[in-house]
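Below, read A as the first sequence line, B as the second, and so on, with proteins coming before strands; counting in each chain starts at 1.
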Protein chains: 2
Amino acid sequence: MPRQVDHEARRRHIAAAVWRLAAAGGLEEATIRRVATEAGVPARQLQYYFGTREELLLGALDLLNADGEAEAQQRIAALGDAPSPREVLRSVLHELLPLDENRRQRNLVHAAYFVRFLADHTLRERIRDTPPELENLIALLLPEEHRADADFLLAGAAGLQGQMLLGHLTAERAVELIDHQLDRIFPVVS
Amino acid sequence: MPRQVDHEARRRHIAAAVWRLAAAGGLEEATIRRVATEAGVPARQLQYYFGTREELLLGALDLLNADGEAEAQQRIAALGDAPSPREVLRSVLHELLPLDENRRQRNLVHAAYFVRFLADHTLRERIRDTPPELENLIALLLPEEHRADADFLLAGAAGLQGQMLLGHLTAERAVELIDHQLDRIFPVVS
DNA sequence: CGTGATGTGGTGCACTCGTACCATAAACTA
DNA sequence: TAGTTTATGGTACGAGTGCACCACATCACG
């Protein structure tokens, strides 16, 4: 094949531009021409590598989700070879919070897509904000009696995320609130 | 003054059109021409009663918040003259969930504005999704020792709202999860 | 009766949008 | 070397946008 280029690298480069614009000003800022300018490539290239604008946005989201999942698994693996259920659960919950620039940008982009998915019923399953995989993982870690607590924990983390993004809540307080709940669910035997 | 018309009524009529469009397809669907068509008035009237599009969107949000606050207070007043703290807290939390068409539409519109406010730092305080007034009210109702639980409850309700809007959670399950938390905070003395 | 404030309606302009289309360069295959 | 596929660049078009501007009703007041 002639003129071989690294398709995947190009797509990631363009997708990153989508993320920056969407995180800064929502999906409506991620117009084709603006993404092209942000990425430093001619607008025509977005057409070539993604097709229509809809496909560009969805493609960029898929790449973001892949990145996020990889980063999350890496962070959980870093807990050691025999992490306690509490440690794993805490990691999963922290994954939903904007605790560093990567997670913050992902949360912002997800929020932008969230509204779009509320309108587009056919694409809802593409949201990975609080996917069933998380619920399943947590269900494995916790005894059945704590199922309701676990579901509410996930919802709580999502809510804390929103408050943090709005600047209504500091990272310290959010972590503190989560740890308070964990203390209750995993009582210190002492 | 000549040709007196009910300004407030006209503004509400137009604002309602904004809500419907924003709830159905996000803020970007609420273009001036489309809102005019939806409201059944010439586009020029939006200019006259609201000015620029930005002012139209903000004005529509203020009216929505006023409506929501009135409805919430009415629902709390309906609890009787000496409601228990648990009842009040439960009502406040339910106010955040899309439990009927009114609240559902309000939640959808709020979600649409949420993303916009993430970008526009100067307008953040206009969001009333989980305003400090709620936190203050709850702080009054609960002993200091439950402050952390209350904050997490509010976050949890916001998270449940998102899952319900996405169709990942039924109203019954959401209410059940909240009641489960309330049972813990207000133990049955029996 | 005017006179001026208040409200209505329509149109036009400058701009951005998404995407289709066309020409050409580059590199692999035969 | 010729031919084919892959990739790039630029442009043009129709549609939709926010908003400014203008002409005209309608009514209260002098």
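As rounded to whole Å, 17 Å separates atom P of dA25(C) from atom CD of Gln45(A). Distance, Leu46(B) CG to dT17(D) C1': 14 Å, rounded to whole Å. Here dC21(D) presents its P atom at 17 Å from OH of Tyr48(B), a figure rounded to the nearest Å. As rounded to whole Å, 12 Å separates atom P of dT8(C) from atom CG of Asp6(B).
With sequence neighbours left out, the salt bridge (charged side-chain N to carboxylate O under 4.0 Å, His left out) criterion links Glu87(B) to no other residue. In this structure Gln105(A) satisfies the side-chain hydrogen bond (donor to acceptor under 3.5 Å, both in side chains) test with no other residue, sequence neighbours excluded. Looking at residues two or more places apart in sequence or on another chain, you find a side-chain contact (heavy atoms from CB on, under 4.5 Å) between Leu141(B) and Pro85(B), Val88(B), Leu137(B). The side-chain contact (heavy atoms from CB on, under 4.5 Å) check on Arg173(A) picks up Leu169(A), Thr170(A), Glu176(A), Leu177(A), Arg147(B), Asp151(B), with sequence neighbours excluded. Shown here are the salt bridge (charged side-chain N to carboxylate O under 4.0 Å, His left out) partners of Arg103(B), two or more places apart in sequence or in another chain: Asp100(B). Under the rule for a salt bridge (charged side-chain N to carboxylate O under 4.0 Å, His left out), the partners of Glu71(A) that lie at least two apart in sequence or sit in another chain are Arg75(A), Arg106(A). Listed by chain and number, the residues in a side-chain contact (heavy atoms from CB on, under 4.5 Å) with Leu165(B) are Leu118(A), Pro98(B), Arg104(B), Asn107(B), Leu108(B), Gln161(B) (sequence neighbours excluded). With sequence neighbours excluded, the residues that form a side-chain contact (heavy atoms from CB on, under 4.5 Å) with Ala171(B) are Leu99(B), Met164(B).
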* For nucleotides 11-16 of chain C, just jot down a letter per nucleotide in 5' to 3' order: B, S or -, based on protein non-hydrogen atoms under 4.0 Å. => -B----
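Partner Tyr49(B) forms a side chain to side chain donor-acceptor pair (under 3.5 Å) with one of Arg10(B), Glu55(B), Glu8(B), His7(B) and no other, that one being Arg10(B).
Sequence neighbours left out, the pairs with a member in residues 36-45 of chain A that pass side-chain hydrogen bond (donor to acceptor under 3.5 Å, both in side chains) are Arg20(A)-Glu38(A).
Within residues 7-28 of chain A, no residue has any heavy atom under 4.0 Å from DNA chain C. Listed in residue order, the members of residues 49-59 of chain B having a heavy atom less than 4.0 Å from DNA chain D are Thr52(B), Arg53(B).
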